[in-house]
Amino acid sequence: MSSVTAPPCSRCTVDKRATHALIRAGGTFGVNFLPLAHADAVQGAGLHSLHGGVDKHALLKLDTLPEQPLALRGAYLHYTCRLSTVTPTGDHDLFVGEVTGVHFDPDAYDDAGLLVAPPAIYLGRSTYTTTAPERTEHGR
């Protein structure tokens, strides 16, 4: 989710477990957009934390790209961000970061640059859906 355009930024909320401390200490975070086929990884990444000794990357078999260690293999879009602002929002903090790198899977987009991969969309209560394949153009 983009929050501003100059410089490009992204934001996410993070609970105050281990991932929170890692982002604060390292000053960077990654935002990965995964297709529906990877909904288990999306769900698991939200549930598991290094807190208590659980390595969620190992547990969920999340491989990263060698040239971009915050980018998950299988993501159709990834942002690497440098942390710029932290805003407390109860049991989570809102992290805003300046986008310093972008990686995308060209096979996930059509010739017009529109996403064709079925995105994992969280509905709540561990339930995911995706978009319909039908498209309609308006105003051309």
Side-chain angles (χ1 to χ4, degrees):
M1 182 180 302
S2 179
S3 53
V4 296
T5 58
C9 292
S10 186
R11 62 185 179 256
C12 63
T13 57
V14 179
D15 69 16
K16 296 178 181 173
R17 295 184 291 175
T19 301
H20 184 282
L22 292 172
I23 294 171
R24 293 292 299 250
T28 60
F29 62 94
V31 180
N32 291 279
F33 298 87
L34 293 166
L36 186 62
H38 294 280
D40 285 345
V42 176
Q43 181 69 19
L47 292 176
H48 299 290
S49 175
L50 188 60
H51 181 72
V54 175
D55 178 349
K56 65 181 159 188
H57 278 208
L59 177 70
L60 301 169
K61 297 179 177 78
L62 300 175
D63 292 328
T64 58
L65 300 177
E67 67 279 7
Q68 293 185 309
L70 296 176
L72 294 178
R73 190 176 308 282
Y76 56 85
L77 179 62
H78 164 81
Y79 302 143
T80 298
C81 300
R82 181 175 50 245
L83 186 61
S84 60
T85 306
V86 179
T87 303
T89 59
D91 63 349
H92 285 61
D93 281 347
L94 175 67
F95 286 3
V96 177
E98 181 180 340
V99 176
T100 59
V102 175
H103 177 269
F104 69 96
D105 176 1
D107 293 336
Y109 298 86
D110 65 16
D111 292 339
L114 299 174
L115 182 67
V116 294
I121 301 170
Y122 181 63
L123 297 176
R125 299 187 179 196
S126 304
T127 303
Y128 293 78
T129 190
T130 194
T131 56
E134 300 85 28
R135 294 185 180 189
T136 305
E137 289 187 25
H138 299 275
R140 280 192 154 203

Please check if the number of heavy atoms outside Asp40 that lie under 6.0 Å from its CG is greater than 12.
no
Under 4.5 Å between side-chain heavy atoms, counting indirect links through other Ile/Leu/Val/Met/Phe/Trp/Tyr residues: same cluster for Phe33 and Val102 or not?
yes
Please confirm whether the backbone N or O of His78 pairs with a side-chain atom of Asn32, one donor and one acceptor, at under 3.5 Å?
no
Answer with yes or no after comparing the ring centroid distance for Phe29 and Tyr79 against a 6.0 Å cut-off, counting only values under it.
no
Please test Val96 against Thr87 for side-chain contact (heavy atoms from CB on, under 4.5 Å), starting from the C-alpha separation and ending with a verdict.
CA-CA 8 Å; Val96 177; Thr87 303; 5.8 Å; no
May I have the step-by-step check of side-chain contact (heavy atoms from CB on, under 4.5 Å) for Lys16 and Asp93, ending in yes or no?
CA-CA 7 Å; Lys16 296 178 181 173; Asp93 281 347; 3.1 Å; yes
Under 6.0 Å between ring centres, would you say that holds for His20 and Phe95?
yes
Applying side-chain contact (heavy atoms from CB on, under 4.5 Å), run through Arg11 and Val31 and close with a yes or a no.
CA-CA 9 Å; Arg11 62 185 179 256; Val31 180; over 6 Å; no
Phe104 atom CZ: more than 12 heavy-atom contacts under 6.0 Å
no
Output every pair passing ring pair (Phe, Tyr, Trp, His ring centres under 6.0 Å) with a member in residues 118-140, not counting sequence neighbours, ordered by first then second residue.
Tyr122-Tyr128
Glu98 vs Ser84, test: side-chain hydrogen bond (donor to acceptor under 3.5 Å, both in side chains). Steps then yes/no.
CA-CA 6 Å; Glu98 181 180 340; Ser84 60; over 6 Å; no
Please check this pair: side chain of Thr130 against backbone of Pro119, looking for a donor-acceptor N/O pair closer than 3.5 Å.
yes
Salt-bridged, Arg135 to Asp110, with N to O below 4.0 Å?
yes
Thr13 side-chain N/O to Leu94 backbone N/O, donor-acceptor pair under 3.5 Å
no
Would Leu83 and Val14 show up in the same hydrophobic cluster when neighbours are defined by side-chain heavy atoms closer than 4.5 Å?
yes
Within-4.5 Å side-chain heavy-atom neighbours: Leu62 and Arg73
no
Would you sort out whether Asp63 and His57 count as a side-chain contact (heavy atoms from CB on, under 4.5 Å), showing the intermediate values?
CA-CA 7 Å; Asp63 292 328; His57 278 208; over 6 Å; no
Those residues that, when tested against Arg125, pass side chain to side chain contact (heavy atoms under 4.5 Å, CB included) (two or more places apart)
none
